[in-house]
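Worksheet for the structure shown next.
In what follows, every chain begins at residue 1, and chains take the letters A, B, ... in the order their sequences are listed. All values below come from the heavy atoms of this structure, side chains included, with hydrogens, waters and symmetry mates left out. Note that this is a predicted model, so its numbers are computed, not measured.
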Protein chains: 2
Amino acid sequence: MTLVSTPRSGAPTLYKRIRTDIEKRILSGKWPPGHRIPSEHELMKRYDCSRMTVNKALTELAQADLIQRRKRAGSFVHRPQVLSAVLEIADIRAEITALGRRYDYRLLVRRRRAASRADRSWLGVEQPCDVLALEAYHSADGIPFAMETRLINLDAVPEARQADFTRESPGTWLLTHVPWSEAEHRIAAIGADDKIAKTLHTAEGSPCLVINRRTWRNGQTLTAVRLVYPGQEHQLVARFKGRQAA
Amino acid sequence: MTLVSTPRSGAPTLYKRIRTDIEKRILSGKWPPGHRIPSEHELMKRYDCSRMTVNKALTELAQADLIQRRKRAGSFVHRPQVLSAVLEIADIRAEITALGRRYDYRLLVRRRRAASRADRSWLGVEQPCDVLALEAYHSADGIPFAMETRLINLDAVPEARQADFTRESPGTWLLTHVPWSEAEHRIAAIGADDKIAKTLHTAEGSPCLVINRRTWRNGQTLTAVRLVYPGQEHQLVARFKGRQAA
DNA sequence: CTAAAAATAATGTATAGACATAATAAACCT
DNA sequence: AGGTTTATTATGTCTATACATTATTTTTAG
């Protein structure tokens with residue numbers, strides 16, 4: 001008897017049903033952290049399906065970190081220690097135009113030089129290298145939105161030498177031209193110094209949100225950037241939705 | 001001829017090898033965004049394995065958002081629009097003790113009341129409900145670390161009535177006692193007002209990092225919290241590592 | 001009584017084949 | 001030429017089975 005087929009019209013597929021069934025029990029608290037989930041064999045019987053189907057559901061739950069699986073012991077509801085959320089930092093142009101505001105960008109400084117000690121320390125590289133130092137300014141409807149200070153490692157991204165950053169911001173250019181494998185963000189609040197205050201038209205000492213980002217590809221630093229936003233006006237939003245609910 | 005088995009001692013499993021092979025090509029830029037990935041049939045031949053194995057590798061790459069798959073058309077390297085990173089906001093106690101510093105916590109205010117209009121707006125609920133309003137203070141080695149202002153929706157979390165928040169912080173208690181399905185963070189920089197300055201021993205107007213978090217379970221708001229950190233001293237770190245490299 | 005060996009229970013990976021679904025391309029008929 | 005039907009291609013789900021791996025228990029031998 002081999003009844004292959006999935007004609008449950010409209011309904012989601014079986015493995016998804018199994019996954020969300022378990023997900024609901026966990027998120028509602030019915031199955032608290034540490035609770036043991038029925039074994040694959042038990043679920044096979046309960047849903048009258050093959051083990052592979054059950055396995056696919058449980059594997060996804062494990063990848064989403066909702067459960068932990070141990071051989072011989074079974075699967076258990078995971079005990080979360082930290083609150084983690086997905087932070088999406090959009091390209092500034094996209095962010096502004098999405099709000100229906102007029103985006104404007106101006107390149108203030110573009111200098112190519114051998115990396116100074118400070119440059120190397122910021123990029124986190126040891127050996128000497130050439131860098132492109134950039135400063136730029138983003139505005140929405142003519143109102144200052146963010147100030148950008150950036151170093152590009154020219155040994156890692158030689159194409160940047162030819163790039164024209166007077167029209168397109170380095171962030172946009174890099175995102176579309178250079179693949180990367182790893183990034184680190186450091187977010188802090190600072191008081192505006194003299195330069196920031198002038199560029200963003202705020203008072204000296206006024207609170208600003210700062211994002212420091214470094215990006216790597218295969219262990220090589222590609223770029224380091226500091227984005228300064230005038231305080232209250234800008235918020236970073238990180239949303240964590242039920243652990244990748246389809 | 002059915003040669004089932006995976007005795008490649010030491011080596012990672014086949015589907016993982018396929019996945020990382022493709023991952024490397026994408027992250028190195030060899031296969032740029034938009035590039036078409038060999039079809040499952042082609043990969044079957046290339047790796048001399050069954051389609052399910054290839055499918056598992058490609059499905060994981062699609063879940064990690066490295067590729068996009070379209071029926072009939074094939075699989076393509078994804079063109080990323082936003083830079084997304086996983087932000088982990090640890091429990092404050094864990095954060096401080098992890099740094100090897102002495103953690104101290106003090107509950108300043110605990111008041112139960114019917115939700116005011118301001119309370120309801122902050123929680124994002126319409127109907128009247130009971131809330132627990134809390135204010136607390138966290139320190140590391142006696143130095144002010146963060147100030148916490150929180151509302152707990154008692155209709156959603158009735159157990160909180162009995163909880164003793166004088167020893168354990170509400171954040172820790174909630175994390176271990178109440179399952180949640182969704183959370184939203186809003187991060188901004190503000191200047192310290194009178195109250196913040198007094199609590200955190202900083203000057204009025206000095207920059208502070210603020211995290212506003214709201215947490216839900218099945219659409220019901222559980223709690224809203226505002227954490228204020230003294231500016232420069234605290235940084236949020238979000239790291240994005242090669243799209244879930246195993 | 002204890003250390004070594006064997007059975008066992010759970011998850012992990014893989015196969016070969018089947019049917020389902022979606023999007024496109026080709027053939028066909030006005 | 002343009003619209004309709006049919007074939008094709010690639011992904012998506014599912015089955016039934018096999019062997020692998022890991023961590024226990026249970027049994028057995030000294």
With a 3.5 Å cut-off and no angle check, do the side chains of B:E40 and B:N55 form a donor-acceptor pair? yes

For B:P33, which residues count as a side-chain contact (heavy atoms from CB on, under 4.5 Å) partner, sequence neighbours excluded? B:R79

Check whether the side chain of A:R72 and the base of C:dT8 form a donor-acceptor pair under 3.5 Å. yes

When the distance from CG of A:D48 to P of D:dC14 is rounded to whole Å, what number comes out? 13 Å

Could I get the full list of side-chain contact (heavy atoms from CB on, under 4.5 Å) partners for A:R186, not counting sequence neighbours? A:E184, A:N212, B:Q235, B:V237

Expressed in angstrom and rounded to an integer, what is the separation of B:N55 atom CG from C:dC19 atom P? 19 Å

A:H41: ring pair (Phe, Tyr, Trp, His ring centres under 6.0 Å) partners, not counting sequence neighbours: none

Short of 4.0 Å, heavy atom to strand atom, which residues of residues 34-47 of chain A count as contacting DNA chain C? A:R36, A:S39, A:E40

Apply side-chain contact (heavy atoms from CB on, under 4.5 Å) to B:F76 and list each qualifying residue two or more places apart in sequence or on a separate chain. B:R36, B:R70, B:A73

What is the distance, to the nearest angstrom, from the CE atom on A:M52 to the C1' atom on D:dC19? 14 Å

Using the C1' atoms of five pairs at each end, what's the angle between the two axes of the helix from C:dC1-D:dG30 to C:dT30-D:dA1, to 10 degrees? 20°

Tell me, which pairs form a side-chain hydrogen bond (donor to acceptor under 3.5 Å, both in side chains) where one or both residues lie in residues 157-166 of chain A, sequence neighbours left out? A:D164-A:T166

Does B:S75 have a side-chain nitrogen or oxygen under 4.0 Å from the phosphate oxygens OP1 or OP2 of D:dA10? no

So, is B:K56 close to the C:dT13 phosphate, meaning a side-chain N or O under 4.0 Å from OP1 or OP2? yes

Can you check whether A:T53 has a side-chain N or O nearer than 4.0 Å to OP1 or OP2 of D:dT15? yes

Atom CD of A:Q68 and atom C1' of D:dA23: how far apart are they, to the nearest Å? 16 Å

Think B:R25 forms a cation-pi with B:W31, using NZ or CZ under 6.0 Å from the six-ring centre and within 45 degrees of its axis? yes

Gap between atoms CG and P, on A:L14 and D:dG12 respectively (whole Å): 17 Å

B:E148: side-chain hydrogen bond (donor to acceptor under 3.5 Å, both in side chains) partners, not counting sequence neighbours: B:H138, B:R150

Atom CZ of A:F76 and atom P of D:dA23 are separated, to the nearest Å, by 13 Å

In this structure, how many angstroms lie between the C1' atom of C:dT13 and the CD1 atom of B:I18, rounded? 12 Å

To the nearest angstrom, the NZ-C1' distance between B:K71 and C:dC19 comes to 12 Å

Of all the nucleotides listed (D:dT11, C:dA14, C:dG12), which has the minimum atom distance to the side chain of A:R69? C:dG12

Start at the 5' end of DNA chain D and walk down; is the nucleotide closest to B:L58 or to A:Y15 reached first? B:L58

Tell me whether the side-chain N or O atoms of B:R51 pair up with the base of D:dT13 as donor and acceptor below 3.5 Å, since no angle test is needed here. yes

What residues, two or more places apart in sequence or in another chain, satisfy side-chain contact (heavy atoms from CB on, under 4.5 Å) together with A:S121? none

Validation row: A:L151, A:W122 side chains within 4.5 angstrom (heavy atoms): yes

